[in-house]
Amino acid sequence: MSAILEGKPDKNLILVTGRAHPRLATDVADQLGIDILETTSYDFANGEMYVRYTESVRGADVFVLQSHTTPVNKAIMEQLIMIDALKRASARSITAVCPMLGYSRQDKKHLGREPISCRLVFDLLATAGADRIMSVDLHAAQSQGFFDGPVDHLIAMPVLVDYVRDRLDMSNIAVVSPDAGRIKVAEQWAQRLGGCPLAFVHKTRDITRPNHAVANRVVGDVKDKDCVLVDDLIDTAGTIASACQVLKNAGARSITVAATHGVLSGPAVERLKNCGAREIVLTDTVPIPVEKRWEGLTVLSIAPLLASAIKAVFSDGSVAELFDTYPTHHGQGFLFA
């Protein structure tokens with residue numbers, strides 16, 4: 001295979017990747033039917049990074065895939081350096097593909113003298129030379145307004161919904177939001193699952209303490225229901241674990257947790273193992289190593305969705321239409337990571 005996907009006259013697609021999540025990049029390249037352009041990348045003794053492309057990128061539409069996973073700051077910096085190298089090498093267009101965008105939770109000020117770090121990350125990508133940004137399930141959709149250019153905000157919901165639909169009795173299902181802020185997402189889930197009942201967990205959060213929230217009670221009827229608890233990101237899993245406990249106390253028959261980004265920091269794995277959920281379903285927007293996997297965890301590949309969106313952008317097609325037809329439009333079903 002070639003590292004270049006030829007399009008219209010004088011238009012070529014190139015995919016490059018950093019070192020944060022090479023497996024995902026390989027899966028996306030396979031879906032596109034190309035190779036990843038070879039890149040020379042290494043760290044100096046003091047931690048500085050070096051990047052150089054081994055082939056010409058002049059006049060190409062280049063997609064720089066890098067998930068902002070642990071260590072987050074290094075992943076972001078490497079992507080910025082890669083984008084800068086492309087700009088100086090006369091790439092025609094540069095799209096920063098960030099399956100998980102770092103700092104996306106810091107999208108507003110809760111207290112005085114706080115930063116809006118999500119805005120800063122968008123500004124850094126723009127300054128480095130990105131013409132377009134593609135990401136999956138931003139913490140808040142309105143964060144797209146931080147970038148003065150096209151932002152393709154992909155949603156993993158179709159991938160997760162189709163998996164859940166095949167494994168639960170749709171006549172006895174209830175979609176549950178872990179807090180009031182995710183109600184709109186839960187409504188979209190309920191619509192895709194045939195208009196099932198909705199509920200949410202009333203939660204209080206101490207904004208002066210990171211990763212600390214208390215689930216109080218369920219608003220809605222979940223008694224004897226197969227509950228699907230949906231969220232965008234699981235970090236330390238404190239919110240999800242406490243929400244599962246509240247749902248069990250409210251009489252839920254079973255709980256399936258579905259989330260896009262499985263960060264799984266600190267005690268997350270143990271909390272999820274012991275939270276009482278029948279299954280935890282995540283996508284591979286960030287790498288989930290073997291030591292963080294267990295029998296009750298299912299990881300779905302996001303590569304077909306990313307590849308389809310990249311192809312749509314490159315061919316001047318509609319990204320929005322993908323979500324009306326996914327997964328049938330790519331005809332390959334789901335890939336398991």
Side-chain angles (χ1 to χ4, degrees), residues 3-5 7 12-37 39 41 51 53 57 60-69 72 74-87 91-104 118 121-122 124-139 141 143-144 146-147 149-156 159 232 260-261 283-287 301-317 319-320 322-323 326 330 335 337:
I4 298 176
L5 180 63
N12 298 313
L13 184 157
I14 291 178
L15 178 68
V16 298
T17 185
R19 292 169 288 173
H21 198 350
R23 163 110 187 243
L24 178 59
T26 300
D27 290 344
V28 171
D30 289 344
Q31 292 283 317
L32 291 170
I34 60 174
D35 292 322
I36 300 170
L37 184 71
T39 307
S41 304
V51 172
Y53 302 104
V57 296
D61 296 309
V62 187
F63 293 78
V64 187
L65 196 156
Q66 178 86 312
S67 196
H68 299 167
T69 184
V72 175
K74 182 175 181 179
I76 293 173
M77 191 64 197
E78 184 177 49
Q79 188 175 35
L80 294 174
I81 293 171
M82 295 178 74
I83 291 170
D84 182 75
L86 290 168
K87 179 179 67 175
R92 172 178 166 170
S93 70
I94 304 169
T95 300
V97 182
C98 316
M100 190 184 89
L101 185 79
Y103 294 90
S104 65
C118 181
V121 171
F122 276 108
L124 288 170
L125 291 168
T127 301
D131 304 298
R132 187 183 197 106
I133 294 176
M134 182 180 294
S135 189
V136 182
D137 283 337
L138 294 167
H139 187 65
S143 299
Q144 298 170 78
F146 291 152
F147 186 71
V151 177
D152 298 302
H153 185 207
L154 311 182
I155 56 173
V159 182
D232 63 324
T260 303
H261 310 296
T283 73
D284 64 341
T285 54
V286 295
S301 176
I302 203 71
L305 181 62
L306 287 173
S308 298
I310 288 171
K311 192 72 175 289
V313 169
F314 175 63
S315 60
D316 298 324
V319 174
L322 299 180
F323 302 108
Y326 194 88
H330 59 75
L335 300 178

Here the gap from C118 atom SG to F147 atom CZ, rounded to the nearest 0.5 Å, amounts to 12.5 Å

Side-chain contact, heavy-atom cut-off 4.5 Å: F63 with V28?
no

So do the side chains of M100 and T69 get within less than 4.5 Å of each other, counting heavy atoms only?
no

Taking all heavy atoms of T283 and all of T260, pick out the closest pair and write down the distance.
OG1-O, 2.6 Å

Could you report the tightest heavy-atom contact between A96 and A130, atom names first, then the distance?
CB-CB, 4.2 Å

Have a look at L80 and tell me which of M82, M77, E78 forms a side-chain contact (heavy atoms from CB on, under 4.5 Å) with it.
M77

Kindly indicate whether the side chain of Y53, heavy atoms from C-beta on, has any atom under 4.5 Å from the side chain of V62.
no

Got T17 and T39 here, is their nearest side-chain heavy-atom distance under 4.5 Å?
no

Would you say that T95 contacts F314 through its side chain, given a criterion of any heavy-atom pair below 4.5 Å between the two side chains?
no

Please name the pair of heavy atoms, one in I14 and one in A60, separated by the smallest distance, quoted to 0.1 Å.
CD1-CB, 3.6 Å

What distance separates L86 CG from I81 CD1, expressed to the nearest 0.5 Å?
12.0 Å

Without swapping roles, check the side chain of Q31 against the backbone of S308 for a donor-acceptor pair under 3.5 Å.
no

Minimum heavy-atom separation for Q144 to V151, with atom names?
OE1-O, 3.5 Å

Might you point out which heavy atoms bring I310 and V97 nearest each other, and give the distance in Å?
CD1-CG2, 4.4 Å

Is there a donor-acceptor contact under 3.5 Å from the side chain of H261 to the main chain of L101?
no

So, taking the atom named CG in D61 and the one named CG in N12, what distance separates them when rounded to the nearest 0.5 Å?
8.0 Å

Euclidean distance, L154 CG relative to T285 OG1, rounded to 0.5 Å
11.5 Å

So, H153 side chain and S143 main chain: donor-acceptor pair closer than 3.5 Å or not?
no

Pair L125-C98, side chain to side chain contact (heavy atoms under 4.5 Å, CB included): steps then yes or no
CA-CA 11 Å; L125 291 168; C98 316; 4.3 Å; yes

Can you tell me how far CG of L124 sits from CD of Q79, rounded to the nearest 0.5 angstrom?
11.0 Å

When rounded to the nearest 0.5 angstrom, what is the spacing between OG in S135 and NE2 in H68?
8.0 Å

Quick one, V16 and V57 - any side-chain contact, counting heavy atoms below 4.5 Å?
no

Find out whether P99 and L65 are in side-chain contact, i.e. whether some heavy atom of one side chain is under 4.5 Å from a heavy atom of the other.
yes

Are the side chains of F146 and V121 in touch, meaning some heavy atoms are under 4.5 Å apart?
no

Closest non-hydrogen atom pair between H21 and D284, with its separation
NE2-O, 2.9 Å

Would you find a donor on one side and an acceptor on the other, under 3.5 Å apart, between the side chain of D131 and the backbone of I94?
yes

